[in-house]
Amino acid sequence: MSQQGYVATPPYSQSQSGIGLSPLHGHYGDPSHAASPPGMMKPVGNLGATAPVVMMSPSPPPPGPHQLGQNGAQASGHSPQRFPGLLPVNSAAPSYAQYQPSTQPSYPSPVSTSSVTHLGSQLSAMHINSYGSGMAPPSQAPPGPPSVASFQGPPRPPQPSVLQPGSQVLPPPPTTLNGPGVSPLSLPAHRQDGLPGLPPLNTQYQPPPPPGPVLGAGYSPQQQAANYGPQMAGAQLSYPGSFPECPAQMAGTPPPPKKLDPDSIPSPIQVIENDRATRGGQVYSTNTRGQVPPLVTTDCVVQDQGNASPRYIRCTTYCFPCTSDMAKQAQIPLAAIIKPFATIPSNETPLYLVNHGENGPVRCNRCKAYMCPFMQFIEGGRRYQCGFCNCVNDVPPFYFQHLDHIGRRLDHYEKPELSLGSYEFVATLDYCRKNKPPNPPAFIFMIDVSYSNIKNGLVKLICEELKTVLEKLPKEEQEETSAIRVGFITYNKVLHFFNVKSNLARPQMMVVTDVGEVFVPLLDGFLVNYQESQSVIHNLLDQIPEIFADSNENETVFAPVIQAGMEALKAAECPGKLYIFHSSLPTAEAPGKLKNRNDKKLLNTDKEKILFQPQTSVYDSLAKDCVAHGCSMTVFLFPSQYVDVASLGLVPQLTGGTLYKYNNFQMHLDSQQFLNDLRNDIEKKIGFDAIMRVRTSTGFRATDFFGGAFMNNTTDVEMAAIDCDKAVTVGFKHDDKLNEDSGALIQCAVLYTTIGGQRRLRIHNLGLNCSSQLADLYNSCETDALINFFAKSAFKAVLHQPLKVIREILVNQTAHMLACYRKNCTNPSAVNQLILPDSMKIFPVYMNCLLKNCVLRSRPEISTDERAYQRQLVMTMGVADSQLFFYPQLLPIHTLDLKSTMLPAAVRCSESRLSEEGIFLLANGLNMFLWLGVSSPPELIQGIFNVPSFAHINTDMTLLPEVGNPHSQQLRMIMNIIQQKKPYSMKFRW
C-alpha cells in the first residue's frame, strides 16, 4: 500500500535555525530565523536497506504490519464477546515500565547544508499544478501521473521514489486516470527568460518571487510572457504561485538541457485509487497498535478493538521517535487531528455509554487518566497500573473482578472501557458547574432587519424557513420531542426582544436602545419550548417582515447582539447557541464598531498580517466571556461589500461555532445553498459547554493546539460547543525518552453537555509505536494529516509573521525532510535525484497546493474578507475536509457510464488535464465548478442544460436545470454523492 506523508516540525526543546521558536506562532518564529537550518544529525547504526533505484514505483506492497493483514482472525479460546461487532484481543494488556532518560545524544554528526540547498532547488523546479479554493487554476502545468507501465508487475515492498531531472520518460497514453498525455520537455537548467531548472551545486536557495499577474478561470491559456519568459512548445512549467524560482543563471555556458519530467511526479489520484483497491470495502480493525489506517478517501468499515477509530483521531505519523534528538533530526511533526464528535456510518457500532452511578468513572490517582484498555490489572485484580504514568492504584470495591490465566479481567469484554478505544461515561455532579445538573441548551435566533435585508427579501426568507427547521430541532434518540428552548431577537441600531410565552394571544416586543450596556428586559417568555409556543412563534415569524417593512435604518450593531444573547443564556443558567443573520459592516455607535480597513497597499508588506487580526479587542473579550458561559455562536453573513470577516468571525471560531458567507446574495440564485446550510447546522450532532484534555504516556506531552477553541491554561481546551465537523489539531513534544515496548499512548477526554441536558465524558484512546529507526518514522507518516497540521500552523502564523517568511519556512522544512531521509534511509545516489519515501511521495504536490492557497498568496483580485474566511474555515477542518479543500476532486463528466452508479475515475487536478472536447466537474468542499470545453459534445449539452448548443447556456445559473434524461440524472447523482457528509453546501458555478 502506498501510504503518504511528508513532514516538517514544530519547535522542540530549543530554537532551531530555519524553524524559529515563538510561544505565539507554533513553529513559525521570528523572521530572522527563516534561513535554512545548519544541518541535521546522523543516527548510529544501519537504518535499513534501500530498494533499487527506480523511476516512480508506486505499486502497492503486499500486506504488512501496517495493513489489513494485521486485522485478520483472532486466536481462538477466548470467552465470547458481548458487544456487537467486537472481536477478542489475543494478548493480555502490556505492562508499562518506567522510561529512562537519554544519557547522550544519539546523532552526533550533522548533514552538510549543500544537500539541503540542492534539494530545495530541486523542489523549486517541481512546478506541480494543483490549486486550492479561491485561486484561479494556472494556465500551464505538468501533466499526468506516472506511466501506466510503472504500475504493473508483481507487488513489492515500499520503496523510495526517485525523480531524475535528466531522464526523458515518455508520457503515458491517455486513460481515464491520467487524462490526455503531453509531450515531455527538454529545457535548459537555467534560463534568463525565467523558466526554472536545476541549479548548479554551489548555488543557494532563493526566496519565493512576488506573486505574478492574475490568472484566469481556466477557459483559455494564459499569457504570462511578460513575467515568466516566452512560452515554449508543449506544456509550460512556469507559472506564479508555485515553488520558488531557481537562482539566476551563473556566468558562463549553460549546462546541458535537463528537466524533471512532470509525468514522473507521483500522482495523488493514483495513490488514492491504489489505496481504495487495496483496502476499500474491507473491515479495518483497531486491535494493532501503531497501524496506519486507510486514507480518508477510502471507504471502509472500522471495527473498534481497543484503539479509537481513525474517524475520531488521525496522526501525522503512527510511529514516534524514541528521543527528542531523533525528533529534531527527522523534523516530523508529531501531531494528532482529533474530531471527538465525528459522524459514524450506520453500519458501524455507536459509542457505548457507561454509567457507574454516584461512583463515577474510575481514574488514575496521579495523572487522572480514565479507565481504558491501556491499564494493566495486577495482584489478582485488586490493583492496576496506569499505562500513562505507571502509577499503581487500588481498584475500587465496586469495580473489582478476578483475573483469568493470562492476567485479564473476567469481564474484559463486558466493559467497553476495558476493550474499546472509544466510549462515554455518565458524569457525576462533581463534573457539573456549581455541582448542579445542567439545564437543557437553548437556541437564540438573531435577525438583522436593516433596510437592505428587508428590501431584498432576506428577512422574509429567514422567517419562513425557521418555521420548517424548528420542527427538526435535535433531540435525544429515546425522546419524542426536543428539550431545546428557543428565543428570538431582531436588531439594527437597537435590539428588539420578543416575548413568545405560550399563553399569549400574540407576541410582545421590547426594545433596548442602550446598546452600550446591554441587558435582557425579560426572562419569563423569552426562552420557550417550541412545541408549547408553536402558534405564538409562527405568528411572530409572520409579523417580523411586516413590522420592519418601512424601516430605512441601514446602520447596524454586532457586538451588542452577541452580548445580549450571552446575557440571556447566562440569566437562564443554560448553555446554548446563537444563530446570527448579518449582512453589513457594523458602523453604528456601539462597542465593537468597525471601520473599513480594506487597504490593498498592505498586500505583500510586513503589515499585511494586520488584515487577518481583529480590529478591536472587544471581540476577543466577548469570545472569552461566551466560552465561560457555554455560549456558542454561528453567523450567516450576506455581504455585498467589505464586512471585516477577520473581526466578525473571531467569536464563532473561538466558541466552536461556524461562519457561513454568501457574497452578493441573490434570492433566486443563492437561497437554496443558504437554506441547506441552515438546516444542516441545526440538525448537527453537537455537545455544549465542553472541555477537552489530551493526556499522554510518560516521555511526551501535548504542547500546541490549533482549532476553534479557547485556552485559559496550557492543558484544557475550552469550547462553548463542538459539533461533528469540528476538529482540533494537537502537537506533541518530547520531555523524556520513549520506550519501544510500551509505545506512545494518547487519551482524549471531552466533558460536555448533551442536547438533552446530561453531563457526559467522551473518551478516545490511541496507542502508537515508538522506534529508534528513522525509516520507521517515515514509513508510518500520513500525508493528509500532515497537510492538515501544516495548514493550521501556517494559518495561525499569518497573524504574526509576514507571508513571505511563512512560505520560506514551509519550503525549507520540505527540503530538510527530504534531505534527512536521503541521508539516513537510502543508499548513496546521484545528487540530482530527488528521492521520496513511498509513504510521502505525494507530499510535495500537496505542499505546493498549500503554498498556492490565497491565504498565503496575496493577490489584489482576492478580497481580504475571502482570505480571512478561508483561513478561519481551515482552522477547524478535519483531515478529510482539508484534503479535498487543498487538492480538489476533478471528474471527467464526458466519460460517464450511464449504466453505472459509480463515479467516473478522477483525473489529476491540473489545467493540462482539461480538454476542449470534455466536460469536467471540480469540487473542493466549498464550491462545485462545471467546466465546459468549447467543443463539448452537443448531445451532452442538450442532455444537461436542455439547450441546443454551448452558446445558449445561461451564465447566471447556480442550479442545474431539471431535465429528465439519463445525462442530467447521472450528473445530479454524482453531485449529490460528492455533497454528502460535507459540512458546507457547495455553491454550483460554471
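Only this structure's heavy atoms are used, side chains among them; waters, hydrogens and symmetry mates stay out.
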Donor-acceptor pair, distance only, cut-off 3.5 Å: does the side chain of [X] make one with the backbone of [Y]?
X	Y	answer
Y778	P837	no
S793	F789	yes
T316	P333	yes
D275	V271	no
N848	P844	no
K792	M877	yes

Side-chain contact test, heavy atoms from C-beta onward, threshold under 4.5 Å: evaluate it for [X] versus [Y] and give yes or no.
X	Y	answer
I835	L818	no
S915	F920	yes
Y821	L774	no
K982	L884	yes
I787	Y887	no
L786	C781	yes
V798	I806	yes

Any chance you could measure [X], atom [atom1], to [Y], atom [atom2], to the nearest 0.5 Å?
X	Y	atom1	atom2	answer
Q282	D299	CD	CG	12.5 Å
R807	N812	CZ	CG	12.5 Å
S858	R867	OG	CZ	4.0 Å
I842	I269	CD1	CD1	9.0 Å
C854	Q870	SG	CD	3.5 Å
Q883	D784	CD	CG	5.0 Å

Smallest separation among heavy atoms of [X] and [Y], with atom names:
X	Y	result
L836	P266	CD1-CG, 4.3 Å
I337	A727	CG2-CB, 4.0 Å
N924	L926	OD1-N, 3.0 Å
A785	C315	CB-O, 3.4 Å
V845	P268	CG1-CG, 3.9 Å
A775	C825	N-SG, 3.7 Å

Subject >> Sequence-distant partners of I978, side-chain contact (heavy atoms from CB on, under 4.5 Å), two or more places apart >> reply: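 With sequence neighbours excluded, I978 shows a side-chain contact (heavy atoms from CB on, under 4.5 Å) to Q889, L891, L921, A923, M928, I974, M986, given in chain and number order.
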
Original post:
Excluding sequence neighbours, so at least two apart, what forms side-chain contact (heavy atoms from CB on, under 4.5 Å) with A880?
Top reply: V296

**OP:** Could you tell me if the ring centre of Y846 sits under 6.0 Å from that of F886?
**Re:** no

Not counting sequence neighbours, which residues clear side-chain hydrogen bond (donor to acceptor under 3.5 Å, both in side chains) with [X]? List them please.
X	value
T297	none
S882	N788
S936	none
R314	E782

**OP:** Please name all residues satisfying salt bridge (Lys or Arg N to Asp or Glu O under 4.0 Å) with R871, sequence neighbours left out, ordered by chain then number.
**Re:**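 Salt bridge (Lys or Arg N to Asp or Glu O under 4.0 Å) list for R871, sorted by chain: empty.
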
Original post:
Sequence neighbours excluded, which residues qualify as salt bridge (Lys or Arg N to Asp or Glu O under 4.0 Å) partners of R989?
Top reply: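 Scan of R989 (salt bridge (Lys or Arg N to Asp or Glu O under 4.0 Å), adjacent residues dropped) gives none.
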
Subject >> side-chain contact (heavy atoms from CB on, under 4.5 Å) assessment of L890 paired with L914 >> reply: CA-CA 10 Å; L890 183 61; L914 304 177; 4.2 Å; yes

Original post:
Is there a side-chain contact (heavy atoms from CB on, under 4.5 Å) between L922 and W931 once you walk through the steps?
Top reply: CA-CA 8 Å; L922 179 75; W931 192 94; over 6 Å; no

Subject >> side-chain contact (heavy atoms from CB on, under 4.5 Å) assessment of L850 paired with L856 >> reply: CA-CA 8 Å; L850 172 58; L856 299 181; 4.2 Å; yes

Subject >> Worked check of side-chain contact (heavy atoms from CB on, under 4.5 Å) between L810 and M847 >> reply: CA-CA 8 Å; L810 290 174; M847 178 57 73; 4.0 Å; yes

